[in-house]
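Notes to accompany the following structure.
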Amino acid sequence: SGGMMEHEVAQRIAINMITLPDRMEKHNRSGYSIATRFLKNNPLIKNVYYPGLPEHPNNDVARRLMAGFGGMISFELNDADGSKTKKFLNKLARDQREGEGIITLAVSLGCIDTLICCPALSTHYSLPREERLAQGISDNLIRLSVGIENINDITYSLERGFQAIE
């Protein structure tokens with residue numbers, strides 16, 4: 001169909017733009033809460049990477065340029081050999097399949113649903129380990145895209161994953 005958008009697509013975009021501010025507000029609020037209240041002080045987590053944390057190297061830039069800090073969070077589990085990372089992700093995936101959890105294991109992280117992935121096991125799997133590590137992608141790095149679901153449901157799902165590796 002050439003350079004013009006189909007009218008159904010244009011209509012869906014127009015309708016979704018109406019709720020975009022509300023969705024982004026929820027995305028920002030939930031991401032901030034999970035990063036600062038749930039992940040940051042968890043003893044099973046080695047590092048949390050989130051621009052809303054004061055210790056993040058780009059926190060000052062994020063405060064100046066962003067209306068919120070978003071819902072994209074990366075964190076590393078305390079896991080020397082990667083076994084806990086796999087167990088954690090497998091638990092989340094199994095819970096989601098069985099209707100017990102809401103977090104989906106995925107490589108694409110742009111959605112209104114909460115999604116999670118381990119780049120070393122998915123998007124960056126084909127890179128040699130040394131190259132991944134040089135880029136800051138450890139074997140236990142997890143990327144979490146916080147969706148707009150109820151925050152209690154998101155933290156419940158995460159907590160079940162953490163319980164599997166305690």
Side-chain angles (χ1 to χ4, degrees), residues 24-63 66 68-166:
M24 288 308 299
E25 181 183 330
K26 174 81 171 178
H27 186 62
N28 286 329
R29 188 172 56 246
S30 294
Y32 184 81
S33 180
I34 288 173
T36 60
R37 296 186 184 133
F38 189 74
L39 297 175
K40 184 179 175 195
N41 297 315
N42 188 321
L44 298 171
I45 295 175
K46 179 179 175 183
N47 294 308
V48 177
Y49 306 101
Y50 183 70
L53 294 175
E55 61 270 19
H56 190 278
N58 298 110
N59 177 264
D60 59 330
V61 175
R63 288 189 179 284
M66 299 170 75
F69 300 111
M72 186 64 66
I73 307 165
S74 293
F75 60 95
E76 291 176 300
L77 293 176
N78 282 317
D79 181 19
D81 66 1
S83 62
K84 288 182 180 180
T85 301
K86 290 176 185 173
K87 192 172 184 179
F88 174 76
L89 294 171
N90 285 334
K91 175 62 173 161
L92 293 177
R94 186 171 45 257
D95 280 359
Q96 198 270 339
R97 273 194 317 273
E98 295 173 358
E100 187 64 36
I102 62 166
I103 299 175
T104 302
L105 192 59
V107 294
S108 172
L109 300 176
C111 186
I112 62 169
D113 302 320
T114 298
L115 306 173
I116 197 164
C117 82
C118 176
L121 299 174
S122 58
T123 57
H124 293 73
Y125 182 76
S126 63
L127 287 178
R129 185 171 189 268
E130 297 75 27
E131 192 174 330
R132 272 192 295 102
L133 293 174
Q135 293 179 17
I137 302 169
S138 66
D139 295 335
N140 56 337
L141 179 71
I142 294 174
R143 293 186 69 206
L144 175 68
S145 176
V146 178
I148 63 171
E149 304 95 343
N150 184 297
I151 193 164
N152 294 327
D153 294 336
I154 299 169
T155 56
Y156 173 79
S157 292
L158 288 169
E159 186 58 45
R160 287 180 55 86
F162 290 129
Q163 287 171 359
I165 62 171
E166 286 184 309

For Phe88, which residues count as a ring-ring contact (aromatic ring centres under 6.0 Å, His included) partner, sequence neighbours excluded?
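ring-ring contact (aromatic ring centres under 6.0 Å, His included) list for Phe88, sorted by chain: Phe162.
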All N/O donor-acceptor pairs, side-chain side in residues 98-107, below 3.5 Å, sequence neighbours left out:
{"from": "Glu100", "atom 1": "OE2", "to": "Tyr156", "atom 2": "OH", "distance (Å)": "2.5"}

Using the side chain to side chain contact (heavy atoms under 4.5 Å, CB included) criterion, which residues pair with [X]? Sequence neighbours excluded.
| X | result |
| --- | --- |
| Leu121 | Lys86, Leu89, Cys118 |
| Met24 | Leu20, His27 |
| Glu130 | Pro128 |
| Ala164 | Lys91 |

Write down the atom of [X], the atom of [Y], and the distance for their closest heavy-atom approach.
| X | Y | result |
| --- | --- | --- |
| Asn41 | Thr36 | ND2-O, 4.3 Å |
| Pro51 | Ala62 | CB-CB, 3.8 Å |
| Asn47 | Ile45 | O-CG2, 3.4 Å |
| Ser74 | Arg143 | OG-CG, 3.5 Å |
| Leu92 | Ser157 | CD2-O, 3.1 Å |

Set out, in order, the CA-CA distance, both residues' side-chain angles and the distance that settles side-chain contact (heavy atoms from CB on, under 4.5 Å) for Cys117 and Ile142, then state yes or no.
CA-CA 6 Å; Cys117 82; Ile142 294 174; over 6 Å; no
Can you list the residues that meet the side-chain hydrogen bond (donor to acceptor under 3.5 Å, both in side chains) rule with [X], with sequence neighbours excluded?
| X | value |
| --- | --- |
| Glu149 | Thr114 |
| Arg160 | Asp95 |
| Ser145 | none |

Distance, nearest 0.5 Å, that separates CD1 of Ile73 from CG of Leu144:
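Answer rounded to 0.5 Å: 5.0 Å.
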Between atom OG1 of Thr85 and atom CG of Asn90, what is the distance when rounded to the nearest 0.5 Å?
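The distance works out to 10.5 Å.
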Which pairs, with at least one residue in [range] and sequence neighbours excluded, count as a salt bridge (charged side-chain N to carboxylate O under 4.0 Å, His left out)?
| range | value |
| --- | --- |
| residues 101-129 | Arg129-Asp139 |
| residues 29-52 | Glu25-Arg29, Lys40-Glu55 |
| residues 70-84 | none |

Do other residues, nucleotides or ligands put more than 12 heavy atoms under 6.0 Å from Tyr32 OH?
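Atom OH in Tyr32 is not packed in, count stays at 12 or less.
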Would a 4.5 Å heavy-atom cut-off, applied to side chains only, mark Ile34 and Leu158 as touching?
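Yes - at least one pair of side-chain heavy atoms lies under 4.5 Å apart.
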Run the numbers on Tyr125 and Arg132 for side-chain contact (heavy atoms from CB on, under 4.5 Å), then give the verdict.
CA-CA 9 Å; Tyr125 182 76; Arg132 272 192 295 102; over 6 Å; no
Determine the sole option in Leu141, Leu44, Val48 for which the side chain to side chain contact (heavy atoms under 4.5 Å, CB included) test with Phe75 is passed.
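So, applying the side chain to side chain contact (heavy atoms under 4.5 Å, CB included) to Phe75 and each of Leu141, Leu44, Val48, only Val48 qualifies.
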Donor-acceptor pair, Tyr50 side chain versus Gly71 backbone, under 3.5 Å?
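No.
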